[in-house]
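See below for the structure under consideration.
Within every chain, numbering begins at 1; the chains are lettered A, B, ... in the order of the sequence lines, protein sequences first and strands thereafter.
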Number of protein chains: 2
Amino acid sequence: MTTVSGGPRTSPRTATMRDVAAVAGVSLKTVSRVVNREAGVSEDLEERVIDAVQLLGYRHNLAASSLRRTDGKTGTIGLLLEDVANPYFSTLHRAVENVARRHGSLTFAASSDADPQRERELLHALASRKVDGLIAVPAGQDHAGLLHEHRLGTPVVFVDRPDLSGVADSVTVDNRAGADSAVRHLQAHGHRRIAYLGDRREIWTADQRYLGYREALLAGGLSLVPELVQHDILNTAEAEAAAIRMLALDQPPSAFFAAQNLVTIGTLRALQAAQLSRTVAVVGFDDFTLANLLEPGITVVSQDVNLIGRKAAELLFGRIEGSAAAPQHIVTRPTLIPRGSGEIAPS
Amino acid sequence: MTTVSGGPRTSPRTATMRDVAAVAGVSLKTVSRVVNREAGVSEDLEERVIDAVQLLGYRHNLAASSLRRTDGKTGTIGLLLEDVANPYFSTLHRAVENVARRHGSLTFAASSDADPQRERELLHALASRKVDGLIAVPAGQDHAGLLHEHRLGTPVVFVDRPDLSGVADSVTVDNRAGADSAVRHLQAHGHRRIAYLGDRREIWTADQRYLGYREALLAGGLSLVPELVQHDILNTAEAEAAAIRMLALDQPPSAFFAAQNLVTIGTLRALQAAQLSRTVAVVGFDDFTLANLLEPGITVVSQDVNLIGRKAAELLFGRIEGSAAAPQHIVTRPTLIPRGSGEIAPS
DNA sequence: TGCTACCGTGACAACGGTGTCAGGCGGCCC
DNA sequence: GGGCCGCCTGACACCGTTGTCACGGTAGCA
């Protein structure tokens, strides 16, 4: 093998409109017209230009174009998620991509890992690239960075968690109603000791779900039992541990409301380990693949993530195309999907 | 509600370097120097510039910058996947993002849906945006589009499926060895009638896996039984149907090798419906979440997707930074994870 | 025939920045 | 005191493209 370093590696400089114009024997502007499908170019010239484009392998430079163009659009949006690899967010991503595609836009997707510092960095990187708009799952309590972009003129749509100041559009789920329906469902099947397992209450969605849980309990004439409530669960292992702890109580719960995906899985592991999968009821918040392949199938409160992504993107492109309507706050309703685990009666 | 249309919605035009220069009382070039952290600006002026930047909310315009800059880099890469929402690809996406972040790059992720036409469109869109490089899961047999970009000077790294011409870098999995080990594993547990369920053989990965299956059978002194081989399975439902069909044979298989994610799930459904989950063995290709939560746990051949993504991104940034080494073809080894379903003995 | 009304086309400036280079200035050495 | 050096700084051209406008030419009309 011979190393080619030092060879004429200078690729012949990527062709520009000027080159195309020279080859086609027309002016720069005419090439621009053909490339942009502007009217008013004779067929003859158009053909010559197209041939020259082919010949040179010319690629239009959108950066230069949008620099000069009056609307200044880059055909690019930013999507700020917690983690692009998380199924919830990747589904959202896809839904947004589908809409973006229809609008000729490409999507910068990025993961904040719920870290405000990282969110700031990404916001900065996106702003430098002059995205036409932003869809964001805010990383922390403080939305200053996002709202700053909004004020500077970049449309922003909040997803999953609302902008509490209300100046920007948002698309969220009625977490409270979802949790409420889950707990009522368990009550309807006879449960009176229903445990709550969830994330930190500082997270808006977690808090809302907890409020829904409490609301349903009280509505059903039950009272809140502190030993059956566990917040601050961050991962599967912690959920599993918490569930095991509760199952060891003198009066263990006959049902669990697992307020989030990973929490549900941890809970299931605990039940499986204790051979209680068919004895103790579970309803989880957020669906997950294979939830219907387990034995019993897992009853969940499911969000329509595709709908959320689509709505958010449609709102965003509406703004990008100039809508000046008042801020919109779309709230979608989650639905309960009974699959078995939530229909187990107390023993 | 009063509509604000017609109001002075003209945001005060986003500030440019010129504006900053005017406010700071320096030349354009000095602002440029400060923004780019070039050496040789007195502290006094630097401070004035920074203040002006703050005051005006100035955001650097990377497009204009890279237009003029000599290296012409946009700090942007393209990631062409089959579907950003598919867990395999979204994990890959995340691994790439992590590396890109270290290099100050943002990632355009896009879904081809394995459609060559769509791939062409996306390639065009990415090229117009002057991405510094591309990581692609090729959509079809014909890699002309991707290779064209490569020739035009944009580094391209193939992932999951190799570029058979070998001119571009690639990162793939040894699918054949993985399938071989799965089938040998089943043989080692006493199986002699092992069924194959897989996707279209035109897909390189599917073909490789089939070859591995066949290889292992022959190596074990078994022969290929046509009625135990089913190609062209496109989704879960088809996999389920195929498995049910085979289970109804006079001499049904005692084990299944499911050559892909969705196929595995379909197979599991069939076994579950037939109450054979604990009787018939299964080994799947590709791991999936919750594979260990099922009863029995599902034995799989697992790829290290994070590793693949990382390697691909590292290769790409090597090229972007000028590496002129010969094309590299990294092949990773999948590992077999025994969890129960693959260790069931024939009855 | 003379005038206007278009039509296709190109010259030129401009978008927001960066590379190049020359000039001003202070300090140091002879 | 003159010359040289190095450090800052700004003027200017230019990156690849599009908006504007003026040009020459032809058709339509009175």
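Residues satisfying the salt bridge (charged side-chain N to carboxylate O under 4.0 Å, His left out) test with B:R161, not counting sequence neighbours, are B:E82. By the side-chain contact (heavy atoms from CB on, under 4.5 Å) test, A:D115 pairs with A:Q117, A:R118, sequence neighbours left out. In this structure B:F108 satisfies the ring pair (Phe, Tyr, Trp, His ring centres under 6.0 Å) test together with A:F108, sequence neighbours excluded. In this structure, B:H150 has no ring pair (Phe, Tyr, Trp, His ring centres under 6.0 Å) partners at least two apart in sequence or on a different chain. Residues satisfying the salt bridge (charged side-chain N to carboxylate O under 4.0 Å, His left out) test with B:D113, not counting sequence neighbours, are A:R94. Here B:H103 pairs with B:F317 under the ring pair (Phe, Tyr, Trp, His ring centres under 6.0 Å) rule; sequence neighbours left out. Partners of B:Y58 by ring pair (Phe, Tyr, Trp, His ring centres under 6.0 Å), not counting sequence neighbours: none found.
Each end of the helix from C:dT1-D:dA30 to C:dC30-D:dG1 gets its own rotation axis from five pairs of C1' atoms, and the angle between them is 50° to the nearest 10 degrees.
For residues 42-52 of chain B, proximity to DNA chain D is found at B:S42, B:L45, defined as any non-hydrogen atom under 4.0 angstrom from a strand atom.
Applying the side-chain hydrogen bond (donor to acceptor under 3.5 Å, both in side chains) rule to pairs touching residues 162-171 of chain A yields A:D163-A:S165, A:D169-A:R319, A:S170-A:H329, sequence neighbours excluded.
When rounded to the nearest whole Å, the span between CG of A:N61 and P of C:dG16 equals 16 Å. Rounded to whole angstrom, the span from the CG atom of A:L62 across to the C1' atom of C:dC15 amounts to 14 Å. One atom, CZ of B:R18, and another, P of D:dA11, lie 12 Å apart when rounded to the nearest Å.
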Apply side chain to side chain contact (heavy atoms under 4.5 Å, CB included) to B:D51 and B:R48, showing your working. CA-CA 5 Å; B:D51 288 351; B:R48 268 158 57 195; 5.6 Å; no
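In summary, of the residues considered (A:I330, A:V171, A:T172), a side-chain contact (heavy atoms from CB on, under 4.5 Å) with A:P162 occurs for A:T172 alone.
Taking for each of B:L67 and A:A39 the nucleotide of DNA chain C with the nearest heavy atom, the 5'-most of the two is the partner of A:A39.
In terms of phosphate contacts, B:T30 brings a side-chain nitrogen or oxygen within less than 4.0 Å of OP1 or OP2 of D:dG10. Checking the phosphate oxygens (OP1, OP2) of D:dG10, a side-chain nitrogen or oxygen of B:S27 falls inside 4.0 Å.
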For each nucleotide in nucleotides 18-26 of chain D, reading 5' to 3', give B when a protein heavy atom comes within less than 4.0 Å of its base, S when such contact involves only the sugar-phosphate, and - otherwise. BBB------
Going by atom type alone, with no hydrogens or angles, which donor-acceptor pairs under 3.5 Å involve a side-chain atom of residues 71-78 of chain A and a protein atom two or more places apart or on another chain?
| residue | atom | partner | partner atom | Å |
| --- | --- | --- | --- | --- |
| A:D71 | OD1 | A:K73 | N | 3.1 |
| A:T74 | OG1 | A:K130 | O | 2.8 |
| A:T74 | OG1 | A:D132 | OD1 | 3.2 |
| A:T76 | OG1 | A:T74 | O | 3.2 |

